[in-house]
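Here the structure is laid out as structure tokens; the discussion comes afterwards.
Chain identifiers are assigned alphabetically (A, B, ...) following the order of the sequence lines, protein sequences preceding nucleic acid strands; residue numbering begins at 1 within each chain. Just so we're clear, the structure is a prediction, and the values are computed from it rather than from any experiment.
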Amino acid sequence: MESRYYPAKNVFIDSIEIDDYIALESSVISYKQLQHSIEKPLKMILVFGRPGTGKSILLNYLYENLKYQKDIHYFATPTTNEKEFFHKIFKVITKKDLPSNTRVNFSTLVDYCRELQGKREIIVLLDEAQMYSGEMMERIRLLSDSRAIKFVIALHQTDKEEDVIAKEHFQSRIWEVVELKNGTIEDIQNYVHKKLLKKNLFEIANSIKSYHIGLIYKFTKGNYRETNKLLFTIFEIYEYYELNDKKKIDISKFSKKIIEMSAIKLGFINV
Amino acid sequence: MYDVELLEREWRRYKIKQTLPWIGFSFVLSLIAVYLLNREYIFNEIKKFMPKEDNITKVVKVAVIKEPKIKVEKRCLEVNRTEVVEVAKEEVVLKRDVNSSNIKRDIEKPKEKIVKKEESVDSESLETIDDKEYNREIDKEIEKIQEKPKMSIEFAEEDRDIEENGDDRPHRRKYLNIIVTDKDSLNEDSSKIFDTLSIVKERYNQSNNYQDALYLAEGYYQQGEYELSQKWALISNNLNSNSEESWLIFAKSKAKLGNYKVAEDILEAYIKENSSKKAEKLLKMMQLGKF
């Protein structure tokens, strides 16, 4: 027998699938800003924000929306191997695969891109760009200088020193920055409710009141990934009780106790 | 799947940790509230377990805020406020003089009567006389006075200092002593007695004379107004710290107000500097619990 909380739990699996994209007020603004930047004759655009603020899903959403309209390509997984990365770029530009034992001549590639200037406008979305080495980033910049390829780079905002270096590296070259932030308490409320309602889980959505959201927000600080993790754990505990000890839960009421238990589990509360 | 039972245990521990400060805070608050609402009862209960100062006179101290300080060097008395519940038996005998040139004593007859009472208690056989017997004697004396219903006014003036100091001041202090021994007239005309005190009080306001203050102290002591007698004894003592009477009235008032410890300290301090038989006698009475 499947628990009623099973689909609710799955709603909050962390993914960047387009179906999971929730159009919140703040994310719509970021999306429009990014879309507008792409239209501009910019070489590089930086999407900047802490992990879990929705950078990946924003890039994916942009890609899915524009893939039939523009020459747009999404590199979800960073390629740390330079040879592999330029094989991918080569394929984007020429739409042809290179034999695996062949190496791309970078200067030839740049020259080829220069020839494409004005003829094609290729957009490459690079997620997790903090994984690329400084040398590779320099080559990416040289490619973007050809004006044939426009790079949208998603970069994690952390407190680490390399993050500052990376930011400085891009500052002189990037013309536009789209910064994503953690959601407000209203954003989190909309996010949770919209996610549940999207899967027609009305009863559960209605049982989550604003003070429950307040508690969730207190633990996750409005971070969407942390919110997903917390709600996933909450519904997993609910699922356990429903299958093993049903009298401990009230299906009409959302439990503060279970929120706190999940927070303990995820380390938001230190006992 | 997680170990939900372990999680539950951790959650209970977290809730205890979270609520413990609130429980402590509420407990302290309720203790304060209970104390504020029942402090009188608590004081009384505590008092039951404390040793009694006196086994003859039952004086209920309502609150003694602070032990008084006695400044012997300055020969002045500084006493903190006390509240006392005790009404002493009183006979109202006051004198005031207007004309005569000889001052006898501010309160002559009543004083004699009091002295009589004191002597009857303070004699050598004092220790064998019990409280009831002493009270009976006082009652008899009161009855004697009440049997003679009358009111007389005597004039008196200062005489003691003249003989001792050879002082022949042209203006001698005069007192009007109103002796009221009529029970009925006492009730009817008690306001007159207070009038006398208020006249002296008015005069004191102009003269600031220590004898006026002493008169008021003695008068109020006779009236059983021990708070006031204490106050005026202090004023008198401030004006003339050599005045033995002011020390004695102050100590007696303190004792009547239930502050035996303070009264004894005052007398001891006075005796230390002045060999006063009266003070010694009074102190002995207080120490034996006969006052």
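Within 6.0 Å of atom NZ in K198(A), more than 12 heavy atoms from other residues, nucleotides or ligands are found, so the atom counts as buried in its surroundings. Other residues, nucleotides and ligands contribute more than 12 heavy atoms inside 6.0 Å of the OH atom of Y14(B). For K88(A), the NZ atom is densely surrounded, since the number of other residues' heavy atoms within 6.0 Å is greater than 12. Enclosure of atom CD in E40(B) is not indicated, since only 12 or fewer non-hydrogen atoms of other residues, nucleotides or ligands lie within 6.0 angstrom. Within 6.0 Å of the NZ atom in K194(A), the count of heavy atoms belonging to other residues, nucleotides or ligands exceeds 12. Atom NZ of K218(A) is surrounded by 12 or fewer heavy atoms from other residues, nucleotides or ligands within 6.0 Å. Q35(A) CD: more than 12 foreign heavy atoms inside a 6.0 Å radius. In this structure, E25(A) places its CD atom where only 12 or fewer heavy-atom neighbours from other residues, nucleotides or ligands lie under 6.0 Å away.
For T233(A), the parts lying under 4.5 angstrom from a heavy atom of chain B are both the backbone and the side chain.
Residues M261(A) and E10(B) have side chains not in contact (no heavy-atom distance under 4.5 Å, counting atoms from C-beta outward).
Of residues 264-271 of chain A, those residues lying under 4.5 Å from chain B by any heavy-atom pair are I264(A), K265(A), I269(A), N270(A), V271(A).
Distance check, rounded to the nearest 0.5 Å: CG of L7(B) to NZ of K257(A) gives 10.0 Å.
The salt bridge (charged side-chain N to carboxylate O under 4.0 Å, His left out) test with E260(A) singles out one residue from R12(B), R13(B), K15(B), and that residue is K15(B).
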